Amino acid sequence: MRDDADFTRRAADLLAWYDANAREMPWRVPPADRTAGARPDPYAVWLSEVMLQQTTVAAVRGYFQRFMARWPDVAALAAAEDGEVMAEWAGLGYYARARNLLKCARVVVAEHDGRFPDTRSALQALPGIGPYTAAAIAAIAFDRSEVVVDGNVERVMARLHDHRAPLPRAKPVLTEMAAALTPDARPGDYAQAVMDLGATICTPKKPACGICPWCAPCAARAAGSAADLPAKTPKKAKPVRHGRAYVARRRDGAYLLERRPERGLLGGMLGWPGSEWTDAQLPPEAPPVAAPWRAVAGEARHTFTHFHLRLRIYVADLALDADPGTGVFIPAQEFRPSDMPTVMRKVFDLARDGFDDPE
DNA sequence: TACGCGTGGCA
DNA sequence: TTGCCAAGCGT
């Protein structure tokens, strides 16, 4: 049983810390403005929360600004072309998020009159919005007292209670702990306060317990175990896979690219034609078109979530009437390496050295 | 339930 | 250089 006075003070202490230390972010309404009645734009909250899934604030800032400038509301985004959105998302990773982002925008326009639903359960029914994101939007954009549990909250709760069972098994228990602390007042600011605490003080390594607003009640701080929590089940080692990538440039400067299938790795993104990626040293030759391919020195190295990849790279100059096969020629003035996933950009950086007249 | 799914920064 | 880590979701 919780002590109501302690419970109330816990949330109040954190909110007071947040009022003085909230990080400034382009999608956030500062606590002083929020208290004065300002409300965040649900579209901006949703967009930022999806971008922030498993992604650092530093990486998200620029993407968020560009998306908001280009598609300022959900109707604009819903009307965008798939390829334009995928290109704007390129480099941010976890591309299923971008595909679901578009699906979600179109559902909101088609079935919710262009306005985001304001309850956790209705939000969670939308594509790409799971338990965390639904609770976060409901709390931050709609002032609902929902229990918001992300990696920061899990870490803070594990330390506060010195809970040593490993994740992900411990998640239900940590969620209960978070629920017991979530206040009815200022739920959005509270959710953002715990996340700011986890990001700036209760950090994964070397937590700054000396300046933490929850230092006194923290059980892990007392036990000396804070830096070791939360415990996590060990991860599997990443295998190394090998493949070949083919960078063909037509005489007019157009590049031969392929749109990857919607499902799976880098789904829906532009990329260079290539072989399968296999555990073997190198898969058999699989050039996309007949051409005098030249091997480029070195290899592109890239690490995905669950494997390391090494790509041998081949380049060729093609005639103006060359057959694109299953690919598509992108004119030189439309080709931007930044429209492609990072691994494909690495391939291009090496390939351009292999052309006689690298631009 | 466990796995597939990106990337960049850091020690 | 290598491994770990960051505001999870879908299947």
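Just so it is clear, the structure is predicted and the values come from calculations on it, not from any experiment.
Phosphate contact (OP1/OP2 of B:dT7, side-chain N/O of A:H302, threshold under 4.0 Å): present. Residue A:H306 has a polar side-chain atom (N or O) positioned under 4.0 Å from OP1 or OP2 of B:dC5. At least one side-chain nitrogen or oxygen of A:T342 sits closer than 4.0 Å to the OP1 or OP2 atom of B:dG8. Side-chain N/O atoms of A:T56 include none lying less than 4.0 angstrom from OP1 or OP2 on B:dG9. For the OP1/OP2 pair of B:dG8 and a distance below 4.0 Å, the side-chain nitrogens and oxygens of A:R345 include at least one atom meeting the criterion. The side chain of A:K236 contributes an N or O atom lying less than 4.0 Å from OP1 or OP2 of B:dC3.
Using a 4.0 Å heavy-atom cutoff across all strands shown, A:P168 reaches no nucleic acid atom at all. Using a 4.0 Å heavy-atom cutoff across all strands shown, A:G198 reaches no nucleic acid atom at all. Residue A:K232 is classed as a sugar-phosphate contact, given heavy-atom separations below 4.0 Å to backbone atoms only. Across all strands, A:V148 comes closer than 4.0 Å to no nucleic acid atom at all (heavy-atom distances). At a threshold of 4.0 angstrom between heavy atoms, the contacts of A:M344 with the nucleic acid are absent. Within 4.0 Å (heavy atoms only), A:R155 reaches sugar-phosphate atoms of the nucleic acid but no base atom. Nucleic acid contact class of A:L266 (heavy atoms, under 4.0 Å, all strands): sugar-phosphate only. Contacts of A:T303 with the nucleic acid, taken as non-hydrogen atoms under 4.0 Å apart, include base atoms.
B:dT7 atom C1' lies 14 Å from atom NE2 of A:H308, rounded to whole Å. The interatomic distance linking A:L167 (CG) with C:dC5 (P) rounds to 11 Å, in whole Å. As rounded to whole Å, 21 Å separates atom P of B:dG4 from atom CD of A:E262. Spacing between atom CG of A:D150 and atom C1' of C:dA6 amounts to 10 Å, rounded to whole angstrom units. To the nearest angstrom, C1' of C:dC9 lies 12 Å from CH2 of A:W89. Here the P atom of nucleotide B:dC3 and the CZ atom of A:F304 are 20 Å apart, to the nearest Å. For the pair A:W46 CH2 and C:dG8 P, the computed distance is 17 Å after rounding to whole Å. Here B:dG6 presents its C1' atom at 19 Å from CZ of A:R301, a figure rounded to the nearest Å.
Ion pair A:D82/A:K103 not flagged as a salt bridge, since none of the NZ, NE, NH1 or NH2 atoms sits closer than 4.0 Å to an Asp/Glu carboxylate oxygen.
Taking 3.5 Å as the limit, the base of B:dG6 and the side chain of A:T305 contain a donor-acceptor pair of atoms between them. Scanning atom types as modelled, one donor and one acceptor separated by under 3.5 angstrom connect the side chain of A:T55 and the base of B:dG6.
Both A:F307 and A:K346 sit near DNA chain B, but only A:F307 has its closest nucleotide nearer the 5' end. Looking at which nucleotide of DNA chain C each of A:K103 and A:A199 is closest to, the 5′-most match is held by A:A199. For A:K235 and A:R263, each mapped to the nucleotide of DNA chain C holding its nearest heavy atom, the one lying further toward the 5' end belongs to A:K235.
Of the candidates C:dG8, C:dT11, C:dC5, C:dG8 carries the atom nearest the A:Q54 side chain, counting heavy atoms from C-beta on. Considering only the side chain of A:Q53, C:dG8 comes nearest among C:dC5, C:dT11, C:dG8. For A:Y95, counting side-chain heavy atoms from C-beta on, the closest listed nucleotide (C:dA6, B:dT7, B:dG4) is B:dT7. Comparing atom distances between the A:Y94 side chain and each of B:dT7, B:dG6, C:dC9 picks out B:dG6 as nearest.
Taking 4.5 Å as the limit, every side-chain heavy atom of A:R251 sits out of range of all side-chain heavy atoms of A:L318. Contact annotation: the side chain of A:V194 never approaches that of A:V148 to less than 4.5 Å [non-hydrogen atoms, C-beta and beyond].
For A:Y314 and A:R294, the side-chain atoms include no donor-acceptor pair closer than 3.5 Å. A:Q65 and A:R61 share no side-chain donor-acceptor pair at under 3.5 Å.
The aromatic rings of A:F348 and A:Y255 sit perpendicular, their planes meeting at an angle over 60°, well past the 30° parallel limit.
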**OP:** Begin from the C-alpha positions of A:F307 and A:F304 and carry the test ring-ring contact (aromatic ring centres under 6.0 Å, His included) through to its verdict.
**Re:** CA-CA 5 Å; A:F307 66 94; A:F304 293 99; 5.1 Å; yes
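Distance noted for atom P between C:dC9 and B:dG8: 22 Å (whole Å).
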